[in-house]
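See structure below.
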Amino acid sequence: KEMANTLRPYLNCVRASIDAAMCLQNFASQEVERHNKPEVEAAANPELLMNRLVVSRNANERVLIESSINSMRVSIKIK
């Protein structure tokens, strides 16, 4: 029960951060007509990428959230 009490604020923070990063919209490619590429993967336009966010509980438990105008990537590290 002690572990659950310390884990809950961390998970709430991760959830709130992901909710905030989920403001996605349809965004067509500026280079190729009629193509939709996830900007997090393509990284062709730095102005379309948002700042990376790391939510860390300790050195072994962290979540990296990378967001852009039309996509989001979440990387989870656990022990």
When rounded to the nearest 0.5 Å, the distance separating OG of Ser68 from CD of Glu41 is 9.5 Å
With side chains defined as the heavy atoms from C-beta onward, is the minimum distance between Ile65 and Met72 less than 4.5 Å?
-> yes
Take Leu7 and Arg57, measure what side chain to side chain contact (heavy atoms under 4.5 Å, CB included) needs, and give me the verdict at the end.
-> CA-CA 8 Å; Leu7 183 62; Arg57 183 174 179 213; 3.4 Å; yes
Would you find more than 12 non-hydrogen atoms of other residues, nucleotides or ligands less than 6.0 Å from Asn60 atom CG?
-> yes
Shortest non-hydrogen separation from Leu49 to Glu39 and the atoms involved = CD2-O, 3.4 Å
Hphob cluster co-occupancy, Met22 + Val40, side-chain heavy atoms under 4.5 angstrom = no
Donor-acceptor under 3.5 Å (Ser67 side chain, Met50 main chain) | no
Any chance the side chains of Asn26 and Asn70 put a donor and an acceptor closer than 3.5 Å?
-> no
Give, for atom OG of Ser56 and atom NZ of Lys77, the distance between the pair rounded to the nearest 0.5 Å.
-> 8.5 Å
Can you check whether Glu61 reaches Lys79 side chain to side chain, under 4.5 Å on heavy atoms?
-> yes
Can you tell me if CZ on Arg15 sees more than 12 non-hydrogen neighbours from other groups inside 6.0 Å?
-> no
If you round to the nearest 0.5 Å, how far is OG of Ser17 from CG of Leu64?
-> 11.5 Å
Leu11 reachable from Leu53 in the ILVMFWY side-chain graph, under 4.5 Å edges | yes
Nearest-0.5 Å distance that lies between atom CG in Asn36 and atom CZ in Phe27 | 9.0 Å
How long is the span from the CZ atom in Arg8 to the SG atom in Cys13, to the nearest 0.5 Å?
-> 14.5 Å
